Amino acid sequence: MTKEEIISFVNANPTCYLATVDGDAPHVRAMGMYKADENGILIQSSTVKGMYKELLKNPKVELCFNGSGKQVRVSGTAEFIEDKELKEEVLEKRPFLKPLAEAQGLDAIKVFRVRNAVATVWTMATNFQPREFIKL
C-alpha cells in the first residue's frame, strides 16, 4: 500500500487499538481515531484518562487498524496539539465530550497527532513475507 492508500484505509476504518506503556507494562485499548491526513493521525483524549498520563511520560505509541482482511500497524510519537479551533471541531463532531468540556473547560480535551509515523501492512497473503515500512 502507498502512503495515500494507508491514510484512506485508516479513515475508512477509524476504530483502532492504541498501545502505550504504563511503567514497564504495555497497555492497549480500543480507540476511535479522529481523522488522518498527510500531517498525521489525530486522536482525541482527555486529561482524566490514564492514556493521557502515560503519553506524558512516554509518547511512543503503536496503533493497529483492521478491515477487509488487512491489518495496518502504525508506530510513532504522540505530539499534543493545543489548538482551540481543533478542540472545538472535535467537540462539535463528538458531542459526548461536551459535558466534560463544560465541567472542566476546553483544556480537559486533549488531541494528539502521531508524528514520525511508519506503517506496516499485514494480510494472510503477505503473512510470511518480510515487513515493509511506509513513512507516513
Side-chain angles (χ1 to χ4, degrees):
M1 293 177 82
T2 66
K3 174 182 175 177
E4 293 75 22
E5 289 170 329
I6 289 170
I7 291 170
S8 178
F9 178 86
V10 165
N11 280 312
N13 299 279
T15 300
C16 65
Y17 295 89
L18 177 114
T20 58
V21 177
D22 184 10
D24 66 349
H27 188 176
V28 177
R29 81 281 285 150
M31 296 290 300
M33 183 264 321
Y34 182 61
K35 68 179 176 180
D37 60 26
E38 64 281 346
N39 295 315
I41 297 171
L42 295 179
I43 295 180
Q44 148 276 312
S45 186
S46 69
T47 56
V48 300
K49 295 292 207 172
M51 177 181 66
Y52 173 69
K53 295 167 185 71
E54 292 165 11
L55 291 174
L56 290 177
K57 290 179 184 174
N58 183 347
K60 295 186 189 266
V61 297
E62 184 166 273
L63 308 169
C64 183
F65 297 87
N66 292 289
S68 303
K70 291 180 186 157
Q71 182 181 81
V72 173
R73 290 173 47 192
V74 178
S75 297
T77 304
E79 174 187 86
F80 286 97
I81 304 167
E82 292 301 328
D83 180 332
K84 183 181 178 199
E85 289 179 11
L86 176 59
K87 289 181 181 185
E88 289 172 348
E89 175 186 319
V90 168
L91 282 176
E92 190 63 34
K93 300 219 179 186
R94 296 188 168 178
F96 66 88
L97 294 169
K98 287 184 181 183
L100 174 67
E102 289 168 358
Q104 297 187 22
L106 198 54
D107 284 341
I109 305 300
K110 297 297 178 185
V111 179
F112 67 88
R113 174 179 286 120
V114 180
R115 297 293 254 166
N116 302 314
V118 293
T120 185
V121 179
W122 175 92
T123 68
M124 287 298 287
T126 63
N127 190 34
F128 297 110
Q129 296 176 3
R131 288 191 291 169
E132 177 186 345
F133 292 94
I134 299 100
K135 186 170 170 55
L136 298 183

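All values below come from the heavy atoms of this structure, side chains included, with hydrogens, waters and symmetry mates left out. Because the structure is a prediction, the values reported are computed rather than measured.
Among residue pairs with one or both ends in residues 10-32, none qualify as ring pair (Phe, Tyr, Trp, His ring centres under 6.0 Å); sequence neighbours excluded. Residue pairs meeting the side-chain hydrogen bond (donor to acceptor under 3.5 Å, both in side chains) criterion with at least one partner in residues 111-120, sequence neighbours excluded, are Glu79-Arg115. Applying the salt bridge (charged side-chain N to carboxylate O under 4.0 Å, His left out) test to residues at least two apart or on different chains, none of the pairs has a partner in residues 118-136. Within the structure, salt bridge (charged side-chain N to carboxylate O under 4.0 Å, His left out) contacts touching residues 13-22 (residues at least two apart or in different chains) do not occur. The salt bridge (charged side-chain N to carboxylate O under 4.0 Å, His left out) contacts involving residues 33-46 comprise Lys35-Glu89, where partners must be two or more places apart or lie in separate chains. Within the structure, the salt bridge (charged side-chain N to carboxylate O under 4.0 Å, His left out) test picks out no pair touching residues 116-129 (sequence neighbours left out). For the side-chain hydrogen bond (donor to acceptor under 3.5 Å, both in side chains) condition, the pairs that include at least one residue of residues 97-110, sequence neighbours left out, are Glu82-Lys110.
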Candidate pair Ile81 and Phe112, rule side chain to side chain contact (heavy atoms under 4.5 Å, CB included), full reasoning = CA-CA 6 Å; Ile81 304 167; Phe112 67 88; 5.9 Å; no
message = Apply side chain to side chain contact (heavy atoms under 4.5 Å, CB included) to residues Met33 and Val10 and explain how you reach the verdict.
response = CA-CA 8 Å; Met33 183 264 321; Val10 165; 3.5 Å; yes
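Clustering of Ile, Leu, Val, Met, Phe, Trp and Tyr side chains at separations under 4.5 Å places Phe133 together with Val118.
Listed here is the closest heavy atom pair of Ala119 and Val74: CB-CG2, 4.0 Å. Between Lys87 and Val111, the closest heavy-atom pair is CG-CG2, 4.4 Å. Between Lys70 and Thr123, the shortest heavy-atom distance links the atoms CG-CG2, 3.7 Å. Between Phe65 and Pro14 the shortest heavy-atom distance is CE2-O, 4.1 Å. Ile109 and Ala101 get closest at one heavy-atom pair: CG1-CB, 4.3 Å. Across Asn66 and Phe9, no two heavy atoms sit closer than the pair C-CZ, 3.9 Å.
Atom CG of residue Leu63 and atom OG of residue Ser75 lie 8.0 Å apart, to the nearest 0.5 angstrom. Distance check: Ser45 OG to Met31 CE gives 5.5 Å after rounding to the nearest 0.5 Å.
Phe96 is connected to Leu42 through a chain of hydrophobic side-chain contacts under 4.5 Å among Ile, Leu, Val, Met, Phe, Trp and Tyr, so both are in one cluster. Hydrophobic clustering (side-chain heavy atoms under 4.5 Å, transitive across Ile, Leu, Val, Met, Phe, Trp, Tyr) groups Val72 together with Ile134. Using a 4.5 Å cut-off between side-chain heavy atoms of Ile, Leu, Val, Met, Phe, Trp and Tyr, with links allowed through other members, Met51 and Val90 fall into different hydrophobic clusters. Transitive grouping of hydrophobic side chains (ILVMFWY, heavy atoms separated by less than 4.5 Å) brings Val121 and Ile41 into a common cluster. When the side chains of ILVMFWY residues are joined at heavy-atom separations under 4.5 Å, either directly or via intervening members, Leu56 and Val21 end up in two distinct hydrophobic clusters.
Under the side chain to side chain donor-acceptor pair (under 3.5 Å) criterion, Asn127 pairs with Trp122, not counting sequence neighbours. Shown here are the salt bridge (Lys or Arg N to Asp or Glu O under 4.0 Å) partners of Arg29, two or more places apart in sequence or in another chain: Glu54. Scored by the side chain to side chain contact (heavy atoms under 4.5 Å, CB included) test, Ser46 finds Val48, Lys49, Leu100 as partners (sequence neighbours excluded). Residues satisfying the ring-ring contact (aromatic ring centres under 6.0 Å, His included) criterion with Tyr52, sequence neighbours excluded, are Phe80.
Glu5 places a side-chain N or O within 3.5 Å of a backbone atom of Thr2 that can act as its donor or acceptor partner. No donor-acceptor pair closer than 3.5 Å links the side chain of Thr126 to the backbone N or O of Gln129.
Residue Lys53 qualifies as enclosed at atom NZ: its count of foreign heavy atoms under 6.0 Å is above 12. Shown here is Lys3, whose NZ atom has more than 12 heavy atoms of other residues, nucleotides or ligands within 6.0 Å.
Each of Val61, Thr77, Leu136 was scored for a side chain to side chain contact (heavy atoms under 4.5 Å, CB included) with Val114, with one residue passing: Val61.
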